[in-house]
Amino acid sequence: MTSLTRRPAPASPLVVGAAVVAVVGQLLALYWPVVTVEGPVSWTDKVVHLLVFAAPTYAVGRALGSVWPSVLAFAVHAPVSELVQHHLLPGRSGDVWDAVVDLVAVALGAGALVVRGRLRRW
């Protein structure tokens with residue numbers, strides 16, 4: 001008898017490697033003691049936050065074959081990272097708007113995973 005529930009195929013080593021690189025990059029960007037983000041526009045920091053949360057959300061979700069564990073982990077990590085920066089890292093400050101951008105990025109990463117899944121089934 002066959003099961004009606006289909007388990008996702010195990011992720012390839014390349015996909016798992018990309019997830020590891022994305023998470024390590026995120027941790028370095030968020031917890032490096034002093035970060036100076038300079039760019040041509042004043043919102044460069046927000047773009048960095050967008051990339052630092054959207055990419056790992058997508059990569060980890062793809063490696064796990066499931067959206068929700070990735071979304072939950074990074075949605076919790078967004079405000080926690082700002083609190084850690086503000087209270088525990090000298091030379092860094094937490095910003096509520098950074099946390100908001102982080103949560104938007106998690107939603108974008110999750111949305112990309114859902115769209116990818118639907119396109120594959122189509």
Side-chain angles (χ1 to χ4, degrees):
M1 180 177 266
T2 60
S3 173
L4 294 177
T5 59
R6 192 180 81 158
R7 290 185 176 203
S12 74
L14 183 62
V15 171
V16 172
V20 169
V21 167
V23 171
V24 169
Q26 179 193 54
L27 294 174
L28 288 173
L30 293 175
Y31 299 114
W32 201 261
V34 177
V35 174
T36 304
V37 177
E38 295 180 20
V41 292
S42 61
W43 44 266
T44 304
D45 175 58
K46 302 304 182 243
V47 173
V48 170
H49 275 269
L50 194 71
L51 294 172
V52 161
F53 273 86
T57 300
Y58 178 84
V60 170
R62 184 146 178 227
L64 294 175
S66 179
V67 175
W68 293 112
S70 179
V71 168
L72 180 62
F74 291 109
V76 169
H77 188 226
V80 168
S81 69
E82 293 303 319
L83 290 170
V84 168
Q85 287 175 19
H86 186 74
H87 293 291
L88 300 177
L89 295 176
R92 299 291 301 263
S93 61
D95 182 7
V96 171
W97 289 110
D98 284 349
V100 170
V101 172
D102 296 344
L103 292 172
V104 168
V106 169
L108 290 173
L113 282 167
V114 169
V115 167
R116 181 185 181 278
R118 292 200 175 150
L119 287 175
R120 288 193 60 143
R121 278 182 266 163
W122 185 62

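- In the hydrophobic clustering (ILVMFWY side chains linked at under 4.5 Å, chained through shared members), L119 is joined by V115.
- By the side-chain contact (heavy atoms from CB on, under 4.5 Å) test, R118 is found to be paired with V114, R121, residues two or more places apart in sequence or in another chain being considered.
- By the side-chain contact (heavy atoms from CB on, under 4.5 Å) test, A110 is found to be paired with V67, V71, residues two or more places apart in sequence or in another chain being considered.
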Sequence neighbours excluded and cut-off under 3.5 Å, please list the side-chain donor-acceptor pairs for residues 96-104, or say none.
from : atom 1 : to  : atom 2 : distance (Å)
D98  : OD1    : K46 : NZ     : 2.5
D98  : OD2    : H49 : NE2    : 3.2
D102 : OD1    : H49 : ND1    : 2.8

Using distance only, find each side-chain donor-acceptor pair of residues 15-31 under 3.5 Å and give its atom names and separation, not counting sequence neighbours.
from : atom 1 : to  : atom 2 : distance (Å)
Q26  : NE2    : V52 : O      : 3.2
Y31  : OH     : H77 : NE2    : 2.8

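- In terms of hydrophobic clustering, with Ile, Leu, Val, Met, Phe, Trp and Tyr side chains grouped at heavy-atom distances under 4.5 Å, F74 and V84 are assigned to a common cluster.
- Looking at residues two or more places apart in sequence or on another chain, you find a side-chain contact (heavy atoms from CB on, under 4.5 Å) between P69 and L64, S66.
- When the side chains of ILVMFWY residues are joined at heavy-atom separations under 4.5 Å, either directly or via intervening members, V106 and L50 end up in two distinct hydrophobic clusters.
- Here the shortest heavy-atom pairing between G109 and Y58 reads O-CD1, 3.9 Å.
- Linking Ile, Leu, Val, Met, Phe, Trp and Tyr residues whenever their side-chain heavy atoms come within less than 4.5 Å leaves W32 and L83 in two separate clusters.
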